[in-house]
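Indexing begins at 1, ligand by ligand and atom by atom, following the structure's order.
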Amino acid sequence: MQKTVEGFSKLSKQEKIHWIAHNCTSDPESTKKTLAHYCNENEALQKVHDEFIENTLTNYYLPFAVAPNFLINGTLYTIPMTIEESSVVAAASKAAKFWLTRSGFKTTVLGTEKVGQVHFMYYGNKQSIETLIKDILPTFYIATEAITRNMKKRGGGITNIALRDKTNVLEGYYQLHCTFETLDAMGANFINSCLEQFAKTLKEEASKKDIELEIIMSILSNYVPNCVVRAEVSCPISEDRSEETVSRNFAQRFVQAVSIAKSEPYRAVTHNKGIMNGIDAVVLATGNDFRAVEAGVHAYAAKDGSYSSLTHAEIKAGIFRFWMDVPLALGTVGGLTSLHPLVKLALEILQSPSAKDLMQIVAVAGLAQNFAALRSLVTTGIQKGHMKMHLLNMLNQMGASDEEKKQLVEYFKERTVSNASVKEHLERLRKL
Ligand code: MEV
């Protein structure tokens with residue numbers, strides 16, 4: 001039974017570790033060793049990591065990998081990916097190579113608009129609130145000048161402030177629906193600071209006119225349907241049915257698989273999860289907020305009223321085309337970008353992208369991942385490649401030596417991998 005604790009956040013890091021080790025684990029000395037093992041030797045750097053969040057005990061490791069050979073709008077990229085799932089990087093690399101010889105990926109940023117809202121309740125006459133907002137519109141901009149000055153100098157800032165009457169969905173509910181251009185920053189702090197100032201201004205100006213309203217909250221929206229990038233690939237259909245071509249049969253099965261994901265939410269969720277394998281891995285490697293991206297992407301996938309595939313595919317005039325429009329609010333400055341050494345490295349590997357460049361790269365990683373998954377699903381099935389990649393995890397779990405791993409990877413090259421078969425063959429090998 002664990003104990004409650006008062007003022008945990010005020011304890012020193014060592015005191016916290018001591019408390020956890022002695023109250024939550026069966027072997028306190030081993031816990032302390034594990035936590036110490038994953039701390040960085042560079043104390044100053046570790047302190048920076050400790051201060052990312054509260055109550056940090058150590059660092060949590062995930063693999064940092066790269067998928068090379070991505071040709072995007074004629075430029076070659078090696079894409080950094082942070083993910084624990086064994087087959088994702090291999091699948092991305094395979095898809096990159098496949099499209100490398102077919103003119104690569106094409107991308108276009110369709111919009112970069114970020115959104116934030118001030119939610120408030122007002123039960124008076126609609127005309128009065130409309131007039132108030134119209135009259136005080138310049139005041140919103142003036143009151144936020146200190147916040148927006150730098151962003152404006154670089155070409156960004158507040159792009160619109162509009163009153164929205166939401167009383168049809170909730171009695172008395174209005175909002176200031178605001179849009180922003182935040183350039184290379186993800187912009188969450190900038191947007192939220194502007195919104196909180198708008199709320200303050202609104203309250204002050206309303207009370208000057210004896211208009212009663214109640215501010216409920218001011219917050220950015222992670223739903224960014226106008227901050228969207230398109231990624232696509234296309235190639236002629238080949239009459240050759242070999243594995244290395246896009247044959248008519250393969251293309252037709254592929255288009256059917258996408259159509260199924262478009263019309264069937266159970267399938268769409270898994271289909272889009274595969275896309276997020278690629279998207280999240282790059283979002284995480286580049287220090288962006290993957291929860292924001294996830295929330296926004298899935299809302300976008302349901303924008304037409306039911307949850308559907310993010311990708312589209314067609315065969316027209318002998319050309320196979322596969323594409324995706326996806327909302328991505330990303331940043332390449334601010335946040336962790338200059339603080340986390342691996343984020344800095346990831347951005348350097350990506351040739352110091354702007355936020356727009358990063359949107360395109362991330363979308364490509366998602367499209368590539370979906371291509372790789374569907375390619376397996378409509379041909380060999382997913383388990384062949386998946387279990388091959390998972391084999392090393394299984395062997396590590398079973399405590400296999402390097403030599404045993406080598407022999408069993410060779411043995412399973414042409415055989416079906418399952419937990420039972422791997423166990424059986426490892427035991428057989430050990431008896432030889
Ligand atoms: C597994 O992480 C992702 C897949 O399930 C995606 C899909 O089914 O399209 C393979």
How far is atom 8 (O) of ligand 1 from the closest protein heavy atom, and which atom is that? Arg267 NH1, 2.9 Å

Closest protein heavy atom (residue, atom, distance) for atom 3 (C) of ligand 1: Asn277 ND2, 3.6 Å

Under 4.0 Å from a heavy atom of [X]: which atoms of ligand 1 are those, numbered in the order shown and with their elements?
{"X": "Leu377", "value": "7 (C), 8 (O), 9 (O)"}
{"X": "Glu85", "value": "1 (C), 2 (O)"}
{"X": "Ile382", "value": "10 (C)"}
{"X": "His271", "value": "9 (O)"}
{"X": "Ala373", "value": "9 (O)"}

Are Glu196 and Lys200 ion-paired here, with the side-chain N under 4.0 Å from a carboxylate O? no

Could you check whether Lys47 pairs with Glu51 (Lys NZ or Arg NE/NH1/NH2 to Asp/Glu carboxylate O, under 4.0 Å)? yes

Please work out whether any backbone atom (N, CA, C, O) or any side-chain heavy atom from C-beta onward of [X] is under 4.0 Å from ligand 1, and answer side chain, backbone, both or neither.
{"X": "Met276", "result": "neither"}
{"X": "Val88", "result": "neither"}
{"X": "Thr270", "result": "both"}

Would a distance-only check, ignoring hydrogens and angles, find a side-chain to backbone donor-acceptor pair under 3.5 Å from Asn59 to Tyr38? yes

If only atom types and distance count, is the side chain of Asn23 paired as donor or acceptor with the main-chain N or O of Gln2 below 3.5 Å? no

Does the ring centre of [Y] sit less than 6.0 Å away from the ring centre of [X]?
{"X": "His312", "Y": "Phe322", "value": "no"}
{"X": "Tyr174", "Y": "His119", "value": "no"}
{"X": "Phe254", "Y": "Phe371", "value": "yes"}

Taking the side chain as every heavy atom from C-beta outward, state whether Arg375 and Phe250 have any pair of such atoms under 4.5 Å apart. yes

Are side-chain heavy atoms of Thr332 and Pro353 found at a separation under 4.5 Å? yes

Heavy-atom contact under 4.0 Å between Ile275 and ligand 1? no

Gln369 near ligand 1, heavy-atom distance under 4.0 Å? no

Geometry only, no angles: is Asn370 polar-contacting ligand 1 at N/O separations under 3.5 Å? no

Does an N or O anywhere in Lys273 fall below 3.5 Å from an N or O of ligand 1? yes

